[in-house]
Trainee: 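Once you've had a glance at the structure underneath, I'll fire off some questions.
Every chain is numbered from 1 and lettered A, B, ... according to where its sequence line falls, protein lines coming before strand lines. Note: hydrogens, waters and symmetry copies are ignored here, and every other heavy atom, side chains too, is used.
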Amino acid sequence: MENKVEVKTAKLTAKDFASDQEVRWCPGCGDYSILAQVQRTFPEIIEVPKEDVVWISGIGCSSRFPYYMDTYGFHGIHGRAPILATGVKLANPKLSVWVATGDGDLLSIGGNHFIHACRKNIDIKILLFNNRIYGLTKGQYSPTSEKGKVTKTSPYGSVDYPFNPTMLATGSEATFVARSIDRHTKHLQEMIKRVGKHKGTAFLEIYQNCNIFNDGAFSILTDKDTKDDNVLVLEQGKPMIFGKNGEKGIKLDGFTPRVVDLSDGKYSADDLWIHDEFEESPVRSAILSTFTETPGMPTPVGVFRQVLKPTYDQGLVEQIEFVKKKKGVGELEKVLFGGNTWEVN
Amino acid sequence: MENKVEVKTAKLTAKDFASDQEVRWCPGCGDYSILAQVQRTFPEIIEVPKEDVVWISGIGCSSRFPYYMDTYGFHGIHGRAPILATGVKLANPKLSVWVATGDGDLLSIGGNHFIHACRKNIDIKILLFNNRIYGLTKGQYSPTSEKGKVTKTSPYGSVDYPFNPTMLATGSEATFVARSIDRHTKHLQEMIKRVGKHKGTAFLEIYQNCNIFNDGAFSILTDKDTKDDNVLVLEQGKPMIFGKNGEKGIKLDGFTPRVVDLSDGKYSADDLWIHDEFEESPVRSAILSTFTETPGMPTPVGVFRQVLKPTYDQGLVEQIEFVKKKKGVGELEKVLFGGNTWEVN
Amino acid sequence: MAKEKEMQQLSEVTVRFAGDSGDGMQLTGSQFSETTAFVGNDINTLPDYPAEIRAPAGTIYGVSGFQLHFSSEGIHTPGDQPDVLVAMNPAALKKNLTEIKKNGIIIVNTDAFDAKNLKLAHYDSNPLEDGTLEGYIVFGVPISKLTENALEGTSLSMKEIARTKNFFALGLMYWLYNRPIQNTIDWIQEKFKKNPEFIEANTKALNAGFNYGEMTEAFTTRYDVVPAKLPKGTYRNISGNEATAYGFLAASVQSGLPLYLGSYPITPATDILQYLSNFKNFGVKTFQAEDEIAGVVSAIGAAFAGSLALTTTSGPGLALKTEAIGLAVMTELPLVIVNVQRGGPSTGLPTKTEQADLLQAIYGRNGEAPVAVLAAKTPRDCFYMAIEASRIALKYMTPVILLTDGYIANGTEPWRIPSVDSLPKIDVKFRTEKEGFYPYLRDEFLARPWAVPGTPDLEHRIGGLEKANIYGSVNYDPDNHNKMIHLRAEKIKNIENDIPELEVDGDQQGELLVLGWGGTYGAIKEAVIKSRAMGMKVSQAHFQYLNPFPKNTGEVLKRFKKVLIPEINLGQLAKLIKSEYLIDVVQFNVIRGLPFRVSDIIEKIKETLGGKNGK
Amino acid sequence: MAKEKEMQQLSEVTVRFAGDSGDGMQLTGSQFSETTAFVGNDINTLPDYPAEIRAPAGTIYGVSGFQLHFSSEGIHTPGDQPDVLVAMNPAALKKNLTEIKKNGIIIVNTDAFDAKNLKLAHYDSNPLEDGTLEGYIVFGVPISKLTENALEGTSLSMKEIARTKNFFALGLMYWLYNRPIQNTIDWIQEKFKKNPEFIEANTKALNAGFNYGEMTEAFTTRYDVVPAKLPKGTYRNISGNEATAYGFLAASVQSGLPLYLGSYPITPATDILQYLSNFKNFGVKTFQAEDEIAGVVSAIGAAFAGSLALTTTSGPGLALKTEAIGLAVMTELPLVIVNVQRGGPSTGLPTKTEQADLLQAIYGRNGEAPVAVLAAKTPRDCFYMAIEASRIALKYMTPVILLTDGYIANGTEPWRIPSVDSLPKIDVKFRTEKEGFYPYLRDEFLARPWAVPGTPDLEHRIGGLEKANIYGSVNYDPDNHNKMIHLRAEKIKNIENDIPELEVDGDQQGELLVLGWGGTYGAIKEAVIKSRAMGMKVSQAHFQYLNPFPKNTGEVLKRFKKVLIPEINLGQLAKLIKSEYLIDVVQFNVIRGLPFRVSDIIEKIKETLGGKNGK
Ligand SMILES: Cc1ncc(C[n+]2csc(CCOP(=O)(O)OP(=O)(O)O)c2C)c(N)n1
Ligand SMILES: Cc1ncc(C[n+]2csc(CCOP(=O)(O)OP(=O)(O)O)c2C)c(N)n1
Ligand code: SF4
Ligand code: SF4
Ligand SMILES: [Mg+2]
Ligand SMILES: [Mg+2]
């Protein structure tokens with residue numbers, strides 16, 4: 001088996017994962033990059049036969065994703081991708097089940113299914129295409145849009161505070177929480193691989209540019225001259241350092257993170273917060289999540305948190321095996337004729 | 001106005017808030033205590049005329065609550081209490097809107113409305129009657145039931161991990177997060193008062209005993225001989241001390257809380273974690289939430305977190321006022337005859 | 001020494017046990033049922049408990065009741081008016097008295113008729129003394145006292161002793177209706193094997209009740225109902241919900257597909273989820289979802305992945321599932337949705353029965369979204385309709401809605417257990433050949449191929465957008481849409497060629513056909529039989545298939561001058577019949593959260609036949 | 001020097017602009033519409049854009065179209081087959097050619113017919129050269145080049161210059177159909193007031209197009225369509241969604257109640273939310289909810305609190321709202337639900353029109369949950385039906401579902417703007433007196449009192465459980481339930497006494513009545529008028545009220561030998577008519593995601609009348 005799989009996947013290339021459908025996103029849409037990185041990384045990370053891969057989505061521009069992957073795919077209804085994926089995974093736990101979803105799809109109408117999937121630790125991989133806007137419906141603010149955003153449905157600015165997706169995932173106790181950016185292709189590939197390797201609900205927030213309705217939402221994180229000062233790349237076991245020449249670092253006062261200057265010799269790497277993505281406690285992930293809400297803090301990308309605990313699907317299968325052992329494989333005859341019966345002759 | 005209100009409420013007593021409906025919970029149900037504490041505290045905390053108070057609920061034993069309060073009340077449909085309350089509050093922001101809900105109602109079917117209410121900081125007060133079971137449907141496990149719980153729908157033990165309600169509220173950035181216990185009547189009254197005073201989404205988790213389907217779920221927190229060693233009462237500005245004779249304390253290593261012994265002189269109150277419910281960062285609330293998942297830690301009750309930021313309803317009203325000032329109060333004639341028109345004679 | 005009591009033969013009896021939610025009336029009723037079934041009577045039961053879980057003792061709304069109807073003939077309903085009421089307290093008497101037959105027997109626990117309880121029952125004076133019960137045969141029995149005496153010297157607390165008094169009442173009823181007590185004794189021993197003192201106490205109470213009947217002067221007569229002539233075989237009592245669960249378990253076994261149930265608890269459907277969660281050793285996967293939408297959507301995912309996919313709910317839950325059912329229609333996946341109907345609209349009357357979800361089941365989706373709709377007619381019929389719903393879903397690759405209702409879901413009747421090999425085989429072929437595979441290329445039944453993830457080389461994508469005929473890719477072409485809309489409708493319509501014709505019970509043509517559907521079968525049948533016995537020319541036909549209707553329906557209807565349609569709704573089947581066959585019908589709609597009274601239907605039949613009732 | 005061109009008079013013309021999503025065809029079309037309306041023609045438009053936001057340039061599925069039909073007579077549809085097609089690239093030609101009238105005019109941008117674009121449009125050879133266009137009057141115009149020349153020496157980038165070419169095309173069309181360019185110039189100046197160079201560029205392009213027509217030899221004829229005789233007044237062009245938004249704004253003003261809209265974006269209903277979000281200065285509260293359920297439930301809360309409560313959606317969203325609508329039925333609160341119908345089932349064809357949610361609107365809820373159902377028949381009618389829906393909801397304390405559809409929602413027509421004081425007043429009385437207040441004590445219309453939170457001494461509780469008649473407390477009594485079910489139904493039925501009767505257009509009785517509902521009004525009307533002109537005996541009646549039907553409906557239907565019901569569904573109105581009035585009908589169902597073709601209806605009328613078409 002193992003071998004067969006090896007052999008089978010070894011031969012695959014990015015092309016093998018490209019379907020015959022022409023891609024219909026707007027020219028310049030960040031979704032193209034995400035699709036490309038997924039197709040590039042899949043030959044490496046998919047340890048099951050290709051036919052065991054399933055892509056599930058809801059509704060939105062991002063949710064068109066499954067059509068472009070030459071795997072089994074299900075373009076569901078709005079907001080239901082995580083629970084549709086749950087059904088697929090529970091019915092056949094050997095499948096590798098991936099969800100492509102948008103900030104409206106996952107966090108607005110789909111919020112409940114999302115937090116319950118995280119809570120139950122269903123072994124599905126969720127890629128959130130976060131463009132902070134409703135794309136397919138042509139530009140209304142979303143639950144991740146910044147407060148005060150002027151859109152078609154908020155001509156005077158929205159009065160909503162946005163969700164902090166990694167914070168919400170942390171609050172739902174997701175076992176894998178990470179972030180990347182469409183234009184950071186290498187990093188994105190890295191994160192997709194990590195997601196692929198995780199067992200349990202894996203949540204990857206991907207900042208994605210909607211160049212039609214929310215262009216430049218993440219430009220300071222992607223423009224050559226601003227990104228180094230605004231993006232903090234998290235690396236396991238390493239102190240948190242960023243800036244063009246790595247001249248800035250993150251220091252923790254209590255649990256309040258602060259940016260410190262490493263150039264004037266006042267602080268050194270030893271003073272900095274060392275990243276440990278495998279920490280049991282969700283607190284680190286919570287702190288990292290607050291960065292984007294704190295003026296002056298860089299935006300962390302990378303794995304915020306990865307912990308391992310038995311998945312729901314695993315638990316379900318084990319319980320079935322357990323009961324089969326304990327009671328013996330079920331026999332219909334026994335059930336029907338069980339209980340209080342009597343004869344009529 | 002202020003005065004009139006004063007006068008009006010001054011006269012009220014607990015009885016004024018008791019409706020003519022006979023209370024129909026099972027004898028011994030923890031809901032009785034919650035009802036009693038609410039009726040006792042309301043004369044004090046309700047700063048609006050009685051007719052401006054509205055109780056909203058979903059479906060469940062706990063959701064029968066509004067029938068027993070002699071205020072305006074709406075017994076909604078399952079899971080929708082927070083959004084029903086939102087509609088009431090937005091339509092008339094001067095109303096004091098309260099939600100009575102259960103762990104299934106709020107966290108299972110109602111999860112999405114709950115996290116969105118928290119995110120938007122709608123000025124509604126949510127009392128969660130958490131009995132860790134579906135009561136009204138006669139005893140199935142709920143999203144707060146412990147993993148492995150044997151119930152009618154989990155004869156071999158549930159494989160679900162439970163939600164951590166205060167953690168989820170924190171992840172949704174609720175501006176007020178607190179916990180109390182049905183049998184701790186004084187403390188519960190204290191918390192209800194705090195909820196009443198908060199502006200914004202106030203979330204109070206109340207451990208409630210369902211003596212029919214989940215009896216004793218919280219007995220170690222309520223039994224005379226065990227509660228002191230297992231309940232940590234949070235007090236603003238005070239070190240975290242608990243135990244029969246206050247011989248135990250909470251010390252923070254990094255952000256990992258530990259129980260330390262104060263009796264052997266090794267540690268003193270000065271070494272302990274001082275509680276500050278007004279801390280801006282949600283991290284403290286997150287750490288406090290982990291206690292119940294950490295063996296050996298006491299269960300914190302009290303206010304985990306209270307921060308103030310403009311509420312959604314306030315924002316909406318202000319925007320309306322702003323636009324009225326800016327554009328003048330709307331005139332239908334102008335709208336209809338606005339835009340590109342032409343005359344036919 | 002008590003003198004010999006006379007034994008009177010009866011052909012049928014209706015008994016109602018009533019008391020506090022805490023008095024164990026459901027248990028007493030079901031024990032009496034088991035024993036009565038065991039001695040060979042035909043029997044039909046109707047539990048009736050309050051919406052409150054444990055309403056305060058003594059209150060009227062807290063009264064819990066259990067009615068059962070047994071006979072030496074075949075019967076089909078729990079009976080209209082009880083011949084006997086066992087009332088454990090004043091509230092139970094107050095709530096039920098009006099429904100008891102004139103001259104009926106009333107057995108009351110006199111000990112419970114104290115001032116407090118009388119007040120709680122809103123009695124100004126004691127009904128046992130103020131003539132309220134005139135015209136009834138009343139037996140006042142100090143049940144509490146007698147039970148206490150019987151349990152003299154046990155280690156039990158007074159509270160525990162009080163809890164055994166229902167066994168005293170049960171024993172007395174066993175004596176009165178000449179039934180053996182052994183069954184219940186066996187049950188007690190099994191049930192309380194962990195605490196012997198309960199075994200002893202309950203058994204004592206049971207015997208005391210039985211002996212009391214024998215000893216006391218008060219009871220001069222006993223009654224007996226001889227066994228009914230039922231077809232030979234092995235029998236068990238079964239409720240509709242239990243039968244439904246077994247039916248899907250059987251469908252799973254017969255199709256060789258693992259059963260997946262995605263469900264969210266809701267009265268009165270929760271039992272099905274509870275029963276099926278026990279069958280893990282059949283590989284049954286039960287998923288208690290976060291809400292109804294999650295229940296059905298996860299089931300759709302499971303169907304995509306190759307399971308026999310099921311979701312169970314009641315009215316409000318079905319309302320929530322409608323958008324997702326539309327997705328299953330568009331993706332043409334096999335899915336069974338069970339809706340145990342309850343009183344509506346909205347939360348309505350959660351613990352009561354109704355038939356008002358028929359039109360929701362057929363039309364309650366956006367767009368033209370046809371699904372097959374079936375309905376079970378009795379508790380045991382739920383078993384067979386569950387298998388049938390699964391068969392149709394799998395053969396036609398379509399969602400199927402199976403309607404039951406609170407009455408047949410909770411009511412019980414004896415079931416002659418079928419042998420497993422007498423059950424229909426359901427053969428399912430997953431698509432595996434790559435050659436000529438197109439996701440929407442239909443077979444002779446217009447079903448599309450089922451190619452499940454994990455099948456090499458058949459990778460394909462489906463979804464909720466309109467599909468290209470044959471190829472299944474997204475397609476916006478106007479003519480393709482028109483074509484697909486018609487194909488989906490035709491597929492469902494064609495099922496009419498694959499289901500039994502509508503049968504007429506009684507004269508095959510004539511004056512009046514009483515036409516029903518679902519859970520009203522028993523009441524209508526009994527009414528029609530009795531009407532015929534009274535000389536009226538009336539026949540019965542009953543639908544288990546609502547969409548599509550059996551092929552011969554129009555032809556059957558034409559054979560009768562009048563068609564009477566009794567429904568526990570405002571005339572939903574009547575609407576369908578009228579628009580489909582353009583014939584006028586007489587409606588009979590009583591929506592009280594309860595099954596029809598046989599007598600009411602008979603009255604309506606009389607009225608409808610007018611002067612010429614055939615004679 | 002070009003010679004004088006002849007000017008030919010036409011009574012009506014249908015034009016279609018087609019090009020890339022990026023070519024600005026929607027803008028071009030609406031500018032031509034505005035100007036055409038301005039010069040006094042009657043006009044009707046139909047935008048048709050792809051589901052994709054910005055499909056890649058040159059692709060067929062990326063083609064965006066805008067059709068408009070203008071005339072010197074009154075017209076009611078965007079026209080069947082265009083007389084003129086303006087195709088900005090090969091894909092636009094490919095996609096639209098088949099629909100253009102034989103001998104119609106085709107204006108193409110020859111510059112766009114390069115190898116790349118031809119390939120993208122799946123043309124193997126150039127249709128301009130290979131005879132594909134035989135039988136059409138083709139004008140090949142190098143629009144891109146000519147635009148570039150015209151803009152010689154501007155500061156604009158080539159990309160920006162290219163984006164002005166739609167103004168060249170517009171100018172040419174203005175010349176060809178003899179319309180003034182001033183309107184558009186004014187519009188350009190307003191629109192681009194922030195960047196003068198765009199004003200200059202677009203204006204130049206516009207003029208260049210106009211002059212090109214004048215100069216080039218190619219065009220020998222111009223066409224003119226004289227103004228229609230429209231009733232005097234002030235007019236504007238309006239789409240159904242805009243009219244709907246204004247209607248509710250008006251209802252708010254006329255009732256003195258603040259408007260609350262709880263909604264979740266969904267095509268094609270989103271515009272209504274977008275329009276209303278601009279009216280904050282009317283105190284309008286628009287709440288973009290987390291989902292459809294939240295939208296409607298928050299609106300129910302707002303209704304409880306005393307607002308004019310509204311929720312807007314499309315099919316899949318209505319499916320999600322059904323459970324909550326049942327709550328509004330049980331609590332008897334005023335609530336308007338707007339459903340802009342789109343292609344289904346499931347996600348279906350989101351940007352296309354359909355009429356398949358009628359039965360969902362009437363029956364799609366658990367239990368007997370009657371609501372009033374209305375439908376608007378034209379874009380401007382949406383304004384009046386929005387007010388009417390509000391009036392009924394408030395007067396009868398009931399949910400009202402207002403159905404529109406993608407076609408009338410996005411289509412436009414000229415609207416004679418009513419004066420505000422010509423609008424109906426809606427008077428609403430909140431209950432304030434304590435004396436004799438019972439939450440479910442009904443008035444003469446069976447409406448219960450509306451006592452809103454904040455009213456002293458009227459504290460009361462409502463909810464989804466069955467209510468006691470008059471008192472409104474929770475009540476499980478069987479007879480009360482039966483009573484309430486009938487009361488709720490009767491309340492809705494009674495609305496028939498409060499709505500206009502069904503009017504017949506044409507002979508009041510005779511051979512054939514064409515019966516429709518909602519957005520098909522225009523197509524049916526035009527078909528009936530033309531059929532009559534051809535000598536056929538045919539009349540029209542059209543429903544704006546679907547539940548209840550107008551009182552005189554049965555009587556009207558009896559007056560005609562045949563009834564033809566054209567619907568963009570499988571016959572949903574037909575079902576209702578048949579079951580309600582037991583008459584047979586002729587159905588005509590074409591479900592292509594598009595409005596009916598007038599010619600198709602005329603054909604069907606002919607066929608239905610058979611030999612005797614009245615002559
Ligand atoms: C039940 C339902 N509600 C609403 C819609 C309309 N809708 C489609 S996609 C969408 C949101 C898209 O935003 P997002 O999820 O962020 O995806 P994006 O297009 O930005 O990638 C909405 C509201 C729908 N299709 N179905
Ligand atoms: C739409 C819908 N789904 C399901 C139900 C059934 N139901 C009623 S209450 C309830 C859960 C009750 O649990 P909880 O919210 O914890 O309240 P409790 O009874 O424990 O106080 C459920 C599943 C319902 N009434 N409506
Ligand atoms: S609208 Fe935005 S998100 Fe959607 S495809 Fe276009 S660019 Fe991408
Ligand atoms: S079932 Fe439990 S929660 Fe419900 S009323 Fe009884 S004790 Fe309270
Ligand atoms: Mg988005
Ligand atoms: Mg609970």
Trainee: Do you know which of D/Ala302, D/Ala309, D/Ala305 has the most heavy-atom pairs under 4.5 Å to chain B?
Mentor: D/Ala302

Trainee: For D/Thr455, is it the side chain, the backbone, both, or neither that has a heavy atom closer than 4.5 Å to a heavy atom of chain B?
Mentor: both

Trainee: Give a yes or no answer on whether the side chain of B/Arg80 reaches the backbone of D/Ser298 with a donor-acceptor pair at less than 3.5 Å.
Mentor: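 Flag not set: sc B/Arg80 to bb D/Ser298 has no pair under 3.5 Å.
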
Trainee: Heavy-atom distance under 4.5 Å to chain B: side chain of D/Thr331, backbone, both or neither?
Mentor: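 When you check distances to chain B, only side chain atoms of D/Thr331 fall under 4.5 Å.
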
Trainee: Determine, stepwise, if the pair B/Phe74 / D/Leu333 fulfils side chain to side chain contact (heavy atoms under 4.5 Å, CB included).
Mentor: CA-CA 12 Å; B/Phe74 201 140; D/Leu333 287 168; 3.7 Å; yes

Trainee: If you draw a 6.0 Å radius around NZ in B/Lys309, do more than 12 non-hydrogen atoms from other residues or ligands fall strictly inside?
Mentor: yes

Trainee: Can you establish whether the number of heavy atoms outside D/Lys229 located under 6.0 Å from its atom NZ is more than 12?
Mentor: yes

Trainee: Could you tell me whether B/Lys15 atom NZ has more than 12 heavy atoms of other residues or ligands within 6.0 Å of it?
Mentor: no

Trainee: Quick one: which residues of residues 96-107 of chain B reach chain D at under 4.5 angstrom, heavy atoms only?
Mentor: none

Trainee: So with a 6.0 Å cut-off around OH of D/Tyr471, is the heavy-atom count from everything else above 12?
Mentor: no

Trainee: Looking at B/Val335, B/Leu332, B/Val323, which hits side-chain contact (heavy atoms from CB on, under 4.5 Å) with D/Phe279?
Mentor: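 Exactly one option meets the side-chain contact (heavy atoms from CB on, under 4.5 Å) with D/Phe279, and it is B/Val335.
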
Trainee: Side-chain contact test, heavy atoms from C-beta onward, threshold under 4.5 Å: evaluate it for B/Leu316 versus D/Phe287 and give yes or no.
Mentor: no

Trainee: Under 4.5 Å from any heavy atom of chain B, what part of D/Ala294 do you find: side chain, backbone, both or neither?
Mentor: both

Trainee: So for D/Ala324, is it side chain, backbone, both, or neither that comes closer than 4.5 Å to the heavy atoms of chain B?
Mentor: both

Trainee: Does any non-hydrogen side-chain atom of B/His113 lie less than 4.5 Å from one of D/Asp291?
Mentor: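 Yes, at least one pair of side-chain atoms sits under 4.5 Å.
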
Trainee: So which of B/Ser19, B/Gly330, B/Gly79 has the largest heavy-atom pair count under 4.5 angstrom toward chain D?
Mentor: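 If we count pairs closer than 4.5 Å to chain D, B/Gly330 comes out on top.
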
Trainee: Taking the side chain from D/Lys285 and the backbone from B/Leu90, do they hold a donor-acceptor pair closer than 3.5 Å?
Mentor: yes

Trainee: For B/Lys197, does the NZ atom sit with more than 12 other heavy atoms under 6.0 Å from it, leaving out its own atoms?
Mentor: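 Enclosed.
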
Trainee: So which residue, D/Gln254, D/Lys232, D/His460, ends up with the most heavy-atom pairs under 4.5 Å with chain B?
Mentor: D/His460

Trainee: Supply the atom-to-atom distance D/Phe282 CZ to B/Glu331 CD, rounded to the nearest 0.5 angstrom.
Mentor: 7.5 Å

Trainee: Pick whichever of B/Ile320, B/Thr86, B/Asn345 has the most heavy-atom pairs under 4.5 Å with chain D.
Mentor: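 Answer, by heavy-atom pair count under 4.5 Å with chain D: B/Ile320.
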
Trainee: Using side-chain heavy atoms (C-beta onward) and a distance below 4.5 Å, is D/Asn237 in contact with B/Trp342?
Mentor: yes

Trainee: Can you tell me which portion of D/Phe38 sits under 4.5 Å from chain B's heavy atoms? Options are side chain, backbone, both or neither.
Mentor: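 Looking at D/Phe38, backbone and side chain both touch chain B.
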
Trainee: Against chain D, work out which of B/Pro66, B/Gly87, B/Gly76 has the most heavy-atom pairs shorter than 4.5 Å and name it.
Mentor: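 Option with the top pair count is B/Gly87.
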
Trainee: With a 3.5 Å distance limit and no angle check, can you tell me whether D/Lys280 reaches the backbone of B/Gln319 through a side-chain donor-acceptor pair?
Mentor: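 It does not hold such a pair.
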
Trainee: Is it the case that over 12 heavy atoms from other parts of the model lie below 6.0 angstrom from the CZ atom of D/Phe430?
Mentor: yes

Trainee: So what's closer than 4.5 Å to chain B heavy atoms on D/Glu323: side chain, backbone, both or neither?
Mentor: both

Trainee: Quick one: what part of D/Ile238 sits under 4.5 Å from any heavy atom of chain B, side chain, backbone, both or neither?
Mentor: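 Contact with chain B is absent: no heavy atom of D/Ile238 under 4.5 Å.
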
Trainee: Checking heavy atoms, do the side chain of D/Val474, its backbone, both or neither come under 4.5 Å from chain B?
Mentor: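 It is the side chain, since no backbone atom gets that close.
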
Trainee: Using a 4.5 Å cut-off on heavy atoms from C-beta on, say whether the side chain of B/Val54 contacts that of D/Phe304.
Mentor: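 Heavy-atom side-chain distance check passes, below 4.5 Å.
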
Trainee: Check whether any side-chain N or O of B/Tyr72 sits under 3.5 Å from a backbone N or O of D/Ala451 as a donor-acceptor pair, and report yes or no.
Mentor: no

Trainee: What's the separation between atom CZ in D/Arg416 and atom OG1 in B/Thr341, rounded to the nearest 0.5 Å?
Mentor: 13.5 Å

Trainee: Can you measure from CD1 (B/Ile83) to CD1 (D/Ile300) and round to the nearest 0.5 angstrom?
Mentor: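 Answer rounded to 0.5 Å: 11.0 Å.
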
Trainee: When you measure from the side chain of D/Asn281 to the backbone N and O of B/Gly328, does any donor-acceptor pair fall under 3.5 Å?
Mentor: yes

Trainee: Determine the option with the most heavy-atom pairs under 4.5 angstrom with chain D, choosing from B/Ser57, B/Gly73, B/Ala91.
Mentor: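 With the most close heavy-atom pairs to chain D, the winner is B/Gly73.
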
Trainee: Please identify, among B/Asp70, B/Val329, B/Asn92, the residue contributing the most non-hydrogen atom pairs under 4.5 Å to chain D.
Mentor: B/Asp70

Trainee: Could you tell me if the side chain of B/Glu51 sits less than 4.5 Å from the side chain of D/Asp457, heavy atoms only?
Mentor: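 With C-beta onward as the side chain, the pair stays apart.
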
Trainee: Using a cut-off of under 4.5 Å for heavy-atom pairs, which of D/Ile293, D/Asn183, D/Leu230 has the most such pairs with chain B?
Mentor: D/Ile293

Trainee: If we ignore hydrogens and angles and just use 3.5 Å, is the side chain of D/Arg461 paired with the main-chain N or O of B/Met69 as donor and acceptor?
Mentor: yes

Trainee: Considering only heavy atoms, which portion of D/Pro258 lies under 4.5 Å from any heavy atom of chain B: side chain, backbone, both, or neither?
Mentor: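 For D/Pro258, neither part sits under 4.5 Å from chain B.
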
Trainee: Identify the two heavy atoms, one from B/Gly338 and one from D/Arg236, that lie closest to each other, and give their separation to 0.1 Å.
Mentor: O-NH1, 3.2 Å

Trainee: Given a strict heavy-atom distance threshold of 4.5 Å, which part of D/Leu257 is in contact with chain B: side chain, backbone, both, or neither?
Mentor: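 Neither part.
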
Trainee: Determine whether B/Tyr67 and D/Leu465 make a side-chain contact, defined as any pair of heavy atoms from C-beta on separated by less than 4.5 Å.
Mentor: yes

Trainee: Is it the side chain or the backbone of D/Val420 that comes within 4.5 Å of chain B heavy atoms, both, or neither?
Mentor: both

Trainee: Verify the distance criterion only: is there a donor paired with an acceptor across the side chains of B/Glu343 and D/Thr234 at less than 3.5 Å?
Mentor: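 Result is yes, a qualifying pair exists.
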
Trainee: Are any of the side-chain heavy atoms of D/Glu290 and B/Lys120 separated by less than 4.5 Å?
Mentor: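 Yes, close enough: below the 4.5 Å cut-off.
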
Trainee: Examine whether an atom of D/Pro231 lies under 4.5 Å from a heavy atom of chain B, and if so say whether it belongs to the side chain, the backbone or both; otherwise answer neither.
Mentor: backbone

Trainee: Below 4.5 Å, heavy-atom pairs only: which of D/Gly283, D/Gly326, D/Ser252, D/Gly262 has the largest tally toward chain B?
Mentor: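 Option with the greatest count: D/Gly283.
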
